[in-house]
Amino acid sequence: MSKVFYVTTAIDYANAAPHIGHVYEKILADFLARWHRLDGYDTYFLTGTDEHGEKIAKAAAKAGKSPKDFVDELSEGAFRALYDRLGISYDDFIRTTQERHKRYVQQVLQRVYDAGDIYYAEYEGLYSVGSERFVTEKELVDGVFPGDSEPPVLRREANYFFRMEKYRPWLLEFLQNNPEFIQPAGYRNEVLEMLKEPIGDLSISRPKDRVPWGIPIPWDEGHVTYVWFDALLNYVSALVDKGNFESHWPHAWHVIGKDILKPHAVFWPTMLKAAGLPLYEKLVVHGHILALDGRKMGKSLGNAIDPTEVLEKYGLDALHYTLLRDTTLAADSPFGEPVIVSRLNSDLANDLGNLLSRVRTMLLKYCGGVLPEPSPADGEIAREGVSLAARVRPLVRELRFNHALEEVLQYVRSLNKYVNDSKPWELARDEANRKALGDVLYTVVEGLRIASVLLEAAIPNKARELRQALGLGDYGVADTERWGLAPAGTRIPEEAPILFPKLEALEREGKGQEGAKPEAAGGKREAKPEKAKQPVPKAEPAPANGPITIDDFARVEFRVAEVTACEKHPQADKLLVLQLNVGDHTRQVVSGIAQWYTPEELVGKKLILVANLKPAKLRGVESQGMILAGEDAEGRVVVVTPEKDLPPGARVR
RNA sequence: GGCUGUGUAGCUCAGCUGGUUAGAGCGAACGACUCAUAAUCGUUAGGUCGGCGGUUCAAGUCCGCCCACAGCCA
């Protein structure tokens with residue numbers, strides 16, 4: 001029984017530049033692809049871009065380009081170029097505007113039509129151009145569909161519909177009988193919930209005169225295929241084109257974001273069923289990447305990570321490793337540069353890179369740069385090493401990538417400990433210990449060989465560099481289950497670059513006060529957090545590093561807040577604890593103004609609150625923000641209040 | 001409003017089908033060592049496992065209610 005693995009990512013909608021979320025998903029899929037290749041699977045990895053639809057036609061028109069030129073530039077110039085630089089090891093990059101794809105979509109449409117599962121019907125309703133679908137009154141907020149810039153328009157259309165509802169009972173039963181089909185389980189529950197009620201039929205076409213940019217319906221030139229029937233079929237059309245449909249399709253794992261769960265978990269299986277095609281094997285759903293403060297990333301919020309920038313700054317291996325190590329599929333994960341820096345420095349530079357460095361130095365110094373002949377293996381390190389793959393493999397298959405990597409890192413740490421305990425530098429002082437010295441160094445090299453292979457799917461370039469620095473070649477996962485494959489007598493290179501240079505400088509981000517920034521680099525010195533930094537709110541002489549931009553300013557959220565209650569801090573005589581009414585909710589804020597105000601005189605006052613300051617505990621009491629105050633010539637602190645009355649919660653800008 | 005999930009040491013999180021003194025990494029303190037990228041290794045951190053009640057010989061681990069947060073749906 002040969003092992004086959006087919007992995008896909010969602011195809012990216014080519015209407016704007018790629019962001020970190022796109023990158024995250026490709027890295028997840030890349031990890032799976034690389035792991036399975038290393039583990040002896042006949043592996044095929046597909047990614048690509050989704051290039052049809054009204055939104056693209058509009059974006060192209062706005063850019064003054066033809067749709068074709070527009071998507072060419074984004075698909076090749078932005079998405080594919082970025083993925084190449086990221087080392088995404090795709091085997092095929094499909095574009096839905098390619099002939100091979102269009103041909104296949106038409107074939108399948110015709111087949112389903114002939115089978116009677118597609119019908120023609122008229123429909124009238126509110127249509128959101130931004131979201132490319134009909135919406136209901138209920139979904140509108142202030143007359144606009146959330147996320148759109150324009151209100152929906154009334155449209156009357158005749159479209160083709162796919163009889164999706166017909167397959168609902170079948171799908172529900174299938175999912176109940178196949179708990180592993182959608183992973184992680186939380187997303188499966190959501191789908192089961194959706195299927196408890198009618199899902200309706202799926203609109204699969206648009207009139208061509210309105211949306212010319214799409215694949216024509218084969219039996220009706222007046223219509224083009226609507227997004228999902230077009231896009232989803234890429235997973236199959238790419239295989240059919242290369243002739244490996246039969247061999248690979250039944251082993252397909254689709255990696256997707258939770259935002260497109262329904263199309264993949266509901267539309268797609270029913271489409272496949274109607275088309276008489278077998279189902280894919282597994283749906284791998286991931287959450288979203290959030291900013292470090294736990295909020296959504298967005299250009300307008302100014303907290304988005306630019307993938308190109310972090311790639312250049314930290315390298316692809318660190319980016320891959322960190323995104324795999326510090327996220328979970330089951331939930332949204334906060335991510336940012338401090339995470340990368342801290343993980344890069346501790347795991348990759350200190351634990352792994354430094355271990356390579358120390359063993360290389362000793363080999364060069366004590367053994368003339370030649371890997372010594374080892375004694376037969378019997379130690380703990382060898383036993384642990386050869387059994388490591390057996391522990392990592394299931395973790396990968398269960399999509400617990402963070403655990404899989406941590407497992408290997410633990411082994412790396414045990415190698416460092418082994419070196420410390422064995423003290424090769426002492427053995428080297430006495431010629432009588434030659435043999436023991438050689439055994440120790442060989443053991444570490446073997447351990448590193450094993451670790452490098454098991455980490456290779458996450459740090460593809462550096463794993464090979466590591467082995468090259470030891471004069472070693474490439475191995476598969478199975479080769480880590482045997483001890484002693486590093487050939488004795490191997491000569492290691494005299495020179496090798498530092499594997500993971502450490503980052504000393506942590507970018508100044510000016511994130512909230514004393515926040516959760518993992519004090520990454522520099523560490524030891526004198527970076528004492530300077531505790532009890534009481535924020536006596538005196539106009540905060542913000543590090544005047546030149547003027548700030550309007551965007552910087554926009555990140556601060558000021559609101560009017562009414563003091564509803566106030567008391568002295570139980571453990572600090574300079575602090576007051578204020579309860580504030582901020583319109584729709586209340587806040588507790590600790591402020592260092594006890595010398596200037598009594599609790600009584602503050603109650604009822606309206607103050608200005610910095611509402612999005614990261615919460616902090618001051619002497620054990622939580623402070624959810626900060627109030628504005630100024631200081632007069634005598635050093636007296638005065639709180640800021642609105643000149644005329646403003647309602648609690650009103651935004652100040 | 002309905003459903004699902006989350007809430008464990010300062011921070012990020014492990015803890016499968018209930019069972020020895022609740023774990024790891026990071027950060028911090030102290031110590032050891034010098035082959036190494038001021039790296040590594042060891043020790044220490046005394047956390048009501050969100051709250052209340054229940055089942056049980058025994059509960060972060062099961063049940064009920066409540067609180068907070070998130071997601072999905074309406």
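Every chain is numbered from 1, with letters handed out A, B, ... down the list of sequences.
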Asks: Please work out which residues in residues 352-362 of chain A have a non-hydrogen atom less than 4.0 Å from an atom of RNA chain B and list them by number.
Replies: A/Gly353, A/Asn354, A/Ser357, A/Arg358, A/Thr361, A/Met362

Asks: Using Watson-Crick and G-U wobble pairs with both distances under 3.5 Å, what is the 5'-to-3' dot-bracket string of RNA chain B, with [ ] for crossing pairs and | for pairs outside the strand?
Replies: (((((((..((((.....[...)))).(((((.......))))).....(((((..]....)))))))))))).

Asks: Considering only the P atoms, how many Å lie between B/C67 and B/G51, rounded to the nearest integer?
Replies: 15 Å

Asks: OP1 or OP2 of B/A39 sitting under 4.0 Å from any side-chain N/O of A/Lys502?
Replies: yes

Asks: Only pairs under 3.5 Å count here: list side-chain donor-acceptor contacts from residues 186-199 of chain A, not counting sequence neighbours, and write none if there are none.
Replies:
from, atom 1, to, atom 2, distance (Å)
A/Tyr187, OH, A/Leu329, O, 3.2
A/Tyr187, OH, A/Ala330, O, 3.4
A/Arg188, NE, A/Leu175, O, 3.4
A/Arg188, NH2, A/Leu175, O, 3.1
A/Glu193, OE1, A/Lys196, NZ, 3.2

Asks: Check nucleotides 1-3 of chain B against the protein and report each pair of N or O atoms closer than 3.5 Å, with its distance, or say if there are none.
Replies:
from, atom 1, to, atom 2, distance (Å)
B/C3, O2', A/Glu193, OE1, 3.3

Asks: Between A/Asn350 and B/U40, is there a side-chain N or O to OP1/OP2 distance below 4.0 Å?
Replies: yes

Asks: Might you list the N or O atoms of the protein lying below 3.5 Å from N or O atoms in nucleotides 41-45 of chain B, with each pair's distance?
Replies:
from, atom 1, to, atom 2, distance (Å)
B/C41, OP1, A/Arg413, O, 3.4
B/C41, O4', A/Asn420, ND2, 2.5

Asks: A/Gln183 CD to B/U4 P: how many Å, rounded?
Replies: 18 Å

Asks: If you pin A/Glu426 and A/Arg343 to their nearest nucleotides in RNA chain B, which one's is more 5'?
Replies: A/Arg343

Asks: Could you verify whether a donor N or O on one side chain and an acceptor N or O on the other, from A/Tyr226 and A/Ser203, lie under 3.5 Å apart?
Replies: no

Asks: So which pairs with a foot in residues 361-375 of chain A pass side chain to side chain donor-acceptor pair (under 3.5 Å), sequence neighbours left out?
Replies: A/Ser375-A/Asp439

